[in-house]
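Only heavy atoms go into these numbers, but all of them, side chains included; no hydrogens, no water, no symmetry mates. A, B, ... follow the sequence lines: proteins, then strands. Residue 1 opens every chain.
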Number of protein chains: 2
Amino acid sequence: MPTIKDVALRAGVSVTTVSRVLNNRGYLSEELKKKVYHAMDELHYRPNELARSLSRSKSNLIGLIVPNAANPFFGELISHIEEYAYNQGYRLLLCNSLLDRKKEAEYIDMLRSSRVDGIILGSHTLEVEDYRHIHLPVVTFDRQISDDIPYISSDNYRGGELATTLLADKGCRKIAHIGGHPHPDLLALKRLDAFKAVAMKRGIAHIEIHTDVDVFHYPQYGPLTARLLEEHPDIDGIFASSDMIAAYALKVCREHGRKIPGDIRIVGYDGVKLTDLFSPSLTTVAQPIPDMARRAVDLIIRQMQGGQVEMEHVFPVELVEGGTA
Amino acid sequence: MPTIKDVALRAGVSVTTVSRVLNNRGYLSEELKKKVYHAMDELHYRPNELARSLSRSKSNLIGLIVPNAANPFFGELISHIEEYAYNQGYRLLLCNSLLDRKKEAEYIDMLRSSRVDGIILGSHTLEVEDYRHIHLPVVTFDRQISDDIPYISSDNYRGGELATTLLADKGCRKIAHIGGHPHPDLLALKRLDAFKAVAMKRGIAHIEIHTDVDVFHYPQYGPLTARLLEEHPDIDGIFASSDMIAAYALKVCREHGRKIPGDIRIVGYDGVKLTDLFSPSLTTVAQPIPDMARRAVDLIIRQMQGGQVEMEHVFPVELVEGGTA
DNA sequence: CTGAAAGCGCTAACAG
DNA sequence: CTGTTAGCGCTTTCAG
């Protein structure tokens, strides 16, 4: 593979000059540029980013840790983050933590070794302390790790209000919230808070059920919903903490002979593309995923440049009325 | 950030020695190792992978280009590839081509600049010629680019047979195949071939419809299916070329008042996790995604090591009977 | 405006 | 068995 030296030789200039045209620094006559570019083309030259990164001590790499790329929500997030990062001149190093503490810690180490310029955390199973030692631009999704690490989230409380209010307005008398384990650090918990508050205010019976630990292990939501229906046959509204959970709830309700939305109304959360693939489409509280993805990348870049950044980035949600509520 | 030099100084040895314990090369007394490890710990030392990669001219990076990480099939693929690659000591550089020729070409250039050790192509919109110049271990999914680039696919023809035979066995009299644009290079075309062959043999009326270009632009499958139902109201079986397409077909059929599987039977392809999230679960031809992911990584590694590899890697498919057929 | 040379952090001959 | 030293390919002072 040709190096900058080969190009210099071929173009009859010094490596410094080649480097200059490569980075377009300082004055360079058109003629000179042409000559160098020509040599590059002839040799099929591709600058070695490893060497550049090493020498500049800047890799233009962003690490992204998510629980699982196979999850539709994270799939969309990844897709948008990658796209925007690429447009800003950054490459993406992707990691699936599978919500495993040890693996997540390893990944963080690995990313530091890789000298990424920053880390976007969509998964954060570790303790606050573990994150303080990263010493790198970081931004998290849906968790406030410390007051010097910016976070991005949707307006969870508002989302919970929208969903629950919709159920109430549609006349539900007994509603349930289904979600993952309510870890106190998770901002998604606010969806539940709002659910309770609205139900209370509207004088509606409400119950909450959740998984033990792994929020993203979907098969468990089937039995969970089934149990809900058996123990509370009079349930007529469900607020699921994600669209995937809503989909499972929808399925199980139907299998139990309930008409949706006739007997039971269901509202999801996230607004992933997949929602309109169901029949009827899922009614859901949509997060502006592309905007959030973009913000994540921007925050990494701004921190990298030493800029001061806001710590809270709460994005507005929107109720998308499908046919399940 | 501490360097190997700092560690050497702190441990009272040379950098060579530190490098040796880092790579566990040659004989090293336990005592010496301890000393070095201790120094590393004290300094919170993390070897700089950029420097290592540069010096060894091996990055332990694998580039993965997919059409879109938000697509459930690719989401699962990415997830498995990442997991296996990581276990083998490789990191993943992810790219979304969005099926855009120019972008894909740019990504390939970028990955070469990044000195990835190999490229896994889940997206391949370019001409054969463009790929011959990569000069790097490559493996593709579902497309045979040339006879020296290994490819991975499911047994498309067999899958098409399974799906179509199922429809025939269930008594369908007029069936349709819905898929993306049938690009001749795409191995997925064999699903269609099998569909036609089986339908012919069983004496069943059959038609095929497909999108114009972008296979992964799902919204278009709605209208496409709607048109199908209007022009051929007597359709009683659909073989969709992916689970996502099947999901859209399911939805549209229902919206047109058809009972599934009573009036129309639907079979998908891929076997993504999402299939059992529908009610009823989608009947589909499942590909062994984890095995295929693993093979992709193995093939990159083996080629990298200069090993000779088979060119064809066709994986068995399995009919998964959900409730739509 | 251009080039020589030092250095980014690590590896690997090659000596000792 | 351990250390010296010359790269890996590029950037960036610092002279000229």
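- A:Leu186 is linked by a side chain to side chain contact (heavy atoms under 4.5 Å, CB included) to A:His124, A:Arg143, A:His183, counting only residues two or more places apart in sequence or in another chain.
- Checked against side chain to side chain contact (heavy atoms under 4.5 Å, CB included), A:Leu111 has the following partners two or more places apart in sequence or in another chain: A:Ile65, A:Leu93, A:Cys95, A:Val116, A:Ile119.
- In terms of phosphate contacts, A:Ser14 brings no side-chain nitrogen or oxygen within less than 4.0 Å of OP1 or OP2 of C:dT2.
- Taking the ring-ring contact (aromatic ring centres under 6.0 Å, His included) definition, one finds that B:Phe141 meets it with nothing, sequence neighbours left out.
- One can place NZ of A:Lys33 at 16 Å from C1' of C:dT2, the figure rounded to the nearest angstrom.
- One atom, CD of B:Glu30, and another, C1' of D:dC1, lie 15 Å apart when rounded to the nearest Å.
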Problem set entry | Per-nucleotide protein contact string for nucleotides 5-16 of chain D (B base, S sugar-phosphate only, - none; heavy atom under 4.0 Å) | --BBBBBB----
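- Checked against side-chain hydrogen bond (donor to acceptor under 3.5 Å, both in side chains), A:Asp148 has the following partners two or more places apart in sequence or in another chain: A:Ser146.
- B:Tyr131 meets the ring-ring contact (aromatic ring centres under 6.0 Å, His included) test with no other residue; sequence neighbours excluded.
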